[in-house]
Amino acid sequence: MGDMIITKNLSLKLAKHQILDNITFKVQRGEIFGMLGPSGAGKTTLIKILTGQMQQDSGYAELLGRDTKKLTALEHKQIGTMMESFGLYDRLSVYDNLCFYAEIYHVPRNSVDHILKRIHLYENRRTAVSKLSKGMKSRLSLARALMNHAKILFLDEPTSGLDPVTTREIHCILAEQREKGTTIFLTTHNMYEAEYLCDHVALLNKGSIVEYGVPMNICKKYDHLNKLRITLKNGEMTILENSAASALLVKEYLEENRIEAIHSTEPTLENVFIKLTGKELGGYE
Amino acid sequence: MNNIAAVFKKQIKDTFKNKAILIQFVMFPVLTLIMNEAIQIEEMPKNYFVTMFAAMYIGMAPLTSMAAVIAEEKEKNTLRVLMMSNVRPHEYLLGIGSYIWFVCMLGAMVICLAGNYKLKESIIFMGIMAVGILASILIGAAIGIWSRTEMMATSITVPVMVVFSFLPMLSGFNHTIAKVAKFIYSEQVSRMLNQVNNLQIGLENICIIVGNMLIAAGLFIVAYKKVHCLQCV
Ligand SMILES: Nc1ncnc2c1ncn2[C@@H]1O[C@H](COP(=O)(O)OP(=O)(O)OP(=O)(O)O)[C@@H](O)[C@H]1O
Ligand SMILES: [Mg+2]
């Protein structure tokens with residue numbers, strides 16, 4: 001069973017709006033899969049369907065080999081989720097929140113300490129969740145998702161609105177999880193996150209997948225120019241063919257130590273997205 | 001069983017930090033102690049305040065707290081996370097329900113002590129309280145499940161609670177109200193509380209209380225089906 005998630009022609013209408021339209025993709029074991037899309041694209045809705053919190057109108061979705069309409073305790077034990085609204089107990093302390101779940105998941109208490117140290121919240125363990133910053137809540141919510149050593153993690157915008165340091169910290173934890181063989185399904189509007197972290201991404205716009213693949217390949221596919229852009233130290237910029245024909249000139253520049261930077265003209269995922277949808281990822285409809 | 005205990009313990013910790021709920025549990029027992037000591041009027045029936053506040057306690061504390069706890073967990077999505085963490089709906093409800101029943105029974109014990117009952121009367125008093133609190137918890141659960149937010153739960157509980165907790169008192173003043181109130185469990189419970197020294201339970205009393213509980217359970221099931229598995233979308 002190499003596929004952790006399979007969806008086939010998944011569609012959903014809510015209040016006469018087509019929220020998801022003919023979604024088909026697969027997520028393989030051990031990969032980080034990124035669902036990219038602007039606000040309102042249907043990312044959260046998709047996670048809800050995949051985790052059995054909502055049901056589609058038509059099409060098929062499968063999680064860990066079982067129809068998501070019929071998930072059982074067996075599957076629930078193997079997934080960890082971090083939703084947009086973190087679902088933490090505000091009045092309870094950081095520590096009590098995790099201890100409660102430790103009890104439910106049958107994991108020993110000392111693993112709570114361990115995980116608190118890992119997410120750098122050990123010092124704040126006595127603080128009530130209501131007094132935490134957003135970044136701290138994100139980390140705590142992630143910690144809870146990690147607690148049951150899930151086979152597959154569903155993370156809904158795990159880094160949205162966080163500072164670069166916290167974002168990086170979370171990326172580190174996710175990379176660590178991938179090393180351990182955990183499959184991760186995450187949603188994001190952060191292009192950098194997708195390019196850097198994800199093995200596969202799907203670009204979701206208005207409920208449809210408009211592009212799917214390995215991030216680098218997607219960028220290459222839309223690199224219609226296929227050229228090199230060289231910035232020289234004197235501020236001049238030249239565009240060269242990305243071929244052997246340019247080698248001599250580049251060599252010359254290198255020998256004269258005139259090169260400031262070389263870039264390929266392939267677009268970033270962000271540019272691909274704008275091209276495909278006509279709007280920016282972070283933007284709102 | 002493990003999950004029920006975990007939910008129960010979580011709720012203990014939470015209550016101590018939740019003043020709105022805490023005051024529900026403490027207010028009437030404390031009021032009873034104070035009023036019972038402070039106000040002594042001749043012709044007043046024995047334990048007037050004790051039985052009156054006991055009946056009001058039943059109509060208010062379990063009902064509002066049960067509804068508020070469930071609705072808050074729905075609103076803040078903690079319930080959804082629990083359901084995805086393999087806590088079953090009945091485990092959650094039993095955990096919260098048994099906790100609230102337990103705390104309310106502690107409150108009832110304080111009220112009972114204020115009444116200076118003999119041992120046998122105390123046992124009967126607590127027995128009646130146990131049934132009344134259970135009925136209120138069922139109604140509170142139905143409202144909590146039905147509501148999407150805590151605000152919504154409050155706006156439903158307030159009128160319901162006023163009816164259940166004040167009818168017994170009002171029916172003491174007005175015969176017409178008494179005729180209608182008879183069919184409400186809190187009135188039945190209140191009547192029983194007034195005769196703990198010589199309790200006579202008829203078929204009618206039992207039927208009304210059980211009937212009320214069945215209606216509450218029915219409403220609960222309807223609400224539960226409507227929001228399928230505690231996960232209101
Ligand atoms: N219960 C609902 N009833 C009707 N429409 C809904 C409901 N829930 C979501 N929608 C609509 O579905 C669309 C997708 O919502 P969703 O929350 O999945 O978007 P998203 O991609 O997660 O956005 P964001 O990045 O802002 O979190 C939105 O247009 C939203 O208005
Ligand atoms: Mg979302």
Side-chain angles (χ1 to χ4, degrees), chain A residues 12 14-15 19 44-45 47-56 63 68-69 71-93 95-107 128-131 137 140-141 144-145 147-148 150 153-154 156, chain B residues 1-25 65 68-96 98-99 148-151 225-233:
Chain A
L12 174 74
L14 283 177
I19 308 291
T44 301
T45 311
I47 287 197
K48 284 184 181 168
I49 291 178
L50 294 178
T51 52
Q53 302 175 55
M54 263 171 105
Q55 296 194 350
Q56 69 273 24
L63 172 67
T68 56
K69 286 183 176 176
L71 295 181
T72 65
L74 192 69
E75 287 80 41
H76 280 147
K77 276 183 196 151
Q78 301 181 68
I79 65 173
T81 50
M82 170 182 177
M83 299 301 283
E84 272 170 311
S85 57
F86 303 116
L88 299 165
Y89 291 97
D90 281 343
R91 287 179 292 270
L92 297 187
S93 68
Y95 189 73
D96 286 342
N97 262 280
L98 289 189
C99 281
F100 176 44
Y101 276 90
E103 223 171 314
I104 287 170
Y105 290 138
H106 302 281
V107 295
V129 167
S130 57
K131 299 207 172 82
K137 283 185 193 169
L140 180 58
S141 176
R144 185 191 52 205
M147 249 176 119
N148 60 337
L153 290 173
F154 288 93
D156 198 359
Chain B
M1 200 58 208
N2 166 69
N3 285 350
I4 300 176
V7 171
F8 191 100
K9 271 191 270 177
K10 184 270 298 176
Q11 205 52 42
I12 294 177
K13 287 180 191 160
D14 192 73
T15 303
F16 282 109
K17 289 166 185 152
N18 189 348
K19 293 192 194 78
I21 298 280
L22 200 57
I23 202 158
Q24 288 285 340
F25 292 142
S65 52
V69 169
I70 296 177
E72 187 189 11
E73 292 227 37
K74 282 179 70 180
E75 179 175 359
K76 303 217 171 123
N77 279 314
T78 48
L79 189 52
R80 194 187 282 268
V81 179
L82 271 183
M83 296 296 113
M84 277 192 296
S85 310
N86 199 26
V87 174
R88 312 262 200 75
H90 73 266
E91 292 175 324
Y92 171 78
L93 292 165
L94 280 175
I96 299 290
S98 62
Y99 166 75
R148 257 189 307 278
T149 64
E150 208 182 340
M151 273 289 273
K225 289 244 165 88
K226 185 172 169 264
V227 299
H228 65 86
C229 286
L230 305 185
Q231 294 171 356
C232 128
V233 178

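Computed from a predicted model, the values in this text were never measured in an experiment.
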Among B:Asn2, B:Leu82, B:Asn86, the one residue meeting side chain to side chain contact (heavy atoms under 4.5 Å, CB included) with A:Ile104: B:Leu82

Reported NZ-to-CG distance for the pair B:Lys13 and A:Asn97, which is rounded to 0.5 angstrom: 9.5 Å

Straight-line distance of B:Arg80 CZ to A:Gln53 CD, nearest 0.5 Å: 4.5 Å

Contact class of A:Leu88 relative to chain B, heavy atoms under 4.5 angstrom: backbone

A:Lys131 atom NZ, neighbour heavy-atom count above 12 within 6.0 Å: no

Toward chain A, the part of B:Val87 with a non-hydrogen atom under 4.5 Å: side chain

Side-chain ion pair, B:Lys9 and A:Glu103, N-O less than 4.0 Å: yes

Matching residue for A:Tyr89 among B:Glu73, B:Lys76, B:Glu72 - test: side chain to side chain contact (heavy atoms under 4.5 Å, CB included): B:Glu73

Within-4.5 Å side-chain heavy-atom neighbours: B:Asp14 and A:Leu92: yes

A:Thr81, part contacting chain B, at a heavy-atom distance under 4.5 Å: side chain

A:Asn148 versus chain B, the contacting section by heavy-atom distance below 4.5 Å: neither

Nearest heavy-atom neighbours spanning A:Ser85 and B:Asn77: OG-ND2, 2.5 Å

Euclidean distance, B:Asn3 CG relative to A:His106 NE2, rounded to 0.5 Å: 6.0 Å

Atom CD1 of B:Ile23 with >12 non-hydrogen neighbours under 6.0 angstrom: no

Minimum-distance pair of heavy atoms, taken over all atoms of B:Ala6 and A:Phe100: O-CE1, 3.4 Å

